[in-house]
Amino acid sequence: KEDIKGRLAFISGASAGIGEAVAKMLASNGVNLILTARRIEKLESLKSMLEKDYNVKVKVIKVDYADTNSIKNAVSSLENEWKNIDILINNAGLALGKDYFYNNDIEDSLQMIRVNCEGLIVLTRMIIPLMLNSKNADIINLASTAADEAYFGGAIYCSSKSFVEMFGDVLRVELIDKPIRVTNIKPGAVNTEFSTVRFKGDKEKADNVYKGFDPLYAEDIADNIEYVITRKRHVQISSMTILAGNQATATMIHRGK
Ligand code: 8X3
């Protein structure tokens, strides 16, 4: 296992769910953090907790990943001491709706593309030049089992996650001669705010997604990302699919409970 203490990580969507869990995992490994999201109060309280518990340096920035200028401004205004980024966690993303594509709100479809694809493009384009100074860099993209499987209601979400995956695969090709590894993480059913957002606050619909089996939690994904990042530098995990114990594919879940 490689020691990652003292490295600097930039996390998109760090206010909750997988992003927050990854922030805690990295802090527990002594990694300094730049936490970004829209909900700045959540980031502020996470910052005080992590600085106190793990004695790491944490910077928070309000970023709206649907707004490319917000992303550009956040990265271009980083002070020198926050510029030497070693780890990029491309986590910000969302699903909106699960209806027929032709019934889905057009704005919802475009919002998924803005955050999951455009936000990812802009952030990664801004960060990679900063990572070129690092001797031990990692780019972790949060794709999904939805990248591998076409499911009803997923026209835009599934395609956006296929985009994330292919984007990561191409970066790995382009960065082959650099000390930057690229990993696509593909989680299955993780019980976070994901489904509450997808179903616009309809708690019952959201809860039904995780009913009758033991779903994954954000900490499980962070745990596996820890595994990926702490491998010796000659080891690069290109892709990791993480399913719940009673899950076989994105949509095949045994609900026996
Ligand atoms: C989330 C997993 O199956 O809801 O990326 O699309 S799924």
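Being a predicted model, the structure only gives us computed values, none of them experimental. Start at 1 and go down the list; that is how both ligands and their atoms are numbered. Reckoned from all heavy atoms, side chains included, excluding hydrogens, waters and symmetry mates.
Residues that satisfy the side chain to side chain donor-acceptor pair (under 3.5 Å) test with R233, not counting sequence neighbours, are D138. For N208, the side chain to side chain donor-acceptor pair (under 3.5 Å) partners at least two apart in sequence or on another chain are K211.
Checked by atom type, the side-chain pair T124/N90 shows a donor-acceptor distance below 3.5 Å. A donor atom on one side chain and an acceptor atom on the other are found under 3.5 Å apart for N141 and N184.
I89 places a side-chain heavy atom less than 4.5 Å from the side chain of I229.
Sorted by first and then second residue, the salt bridge (Lys or Arg N to Asp or Glu O under 4.0 Å) pairs involving residues 56-66 (not counting sequence neighbours) are K59-E79.
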Any protein N/O atoms within less than 3.5 Å of an N/O atom in ligand 1? List the atom names and distances, or say none.
from     : atom 1 : to   : atom 2 : distance (Å)
ligand 1 : 5 (O)  : S144 : OG     : 2.6
ligand 1 : 5 (O)  : Y157 : OH     : 2.6
ligand 1 : 6 (O)  : Y151 : OH     : 2.5

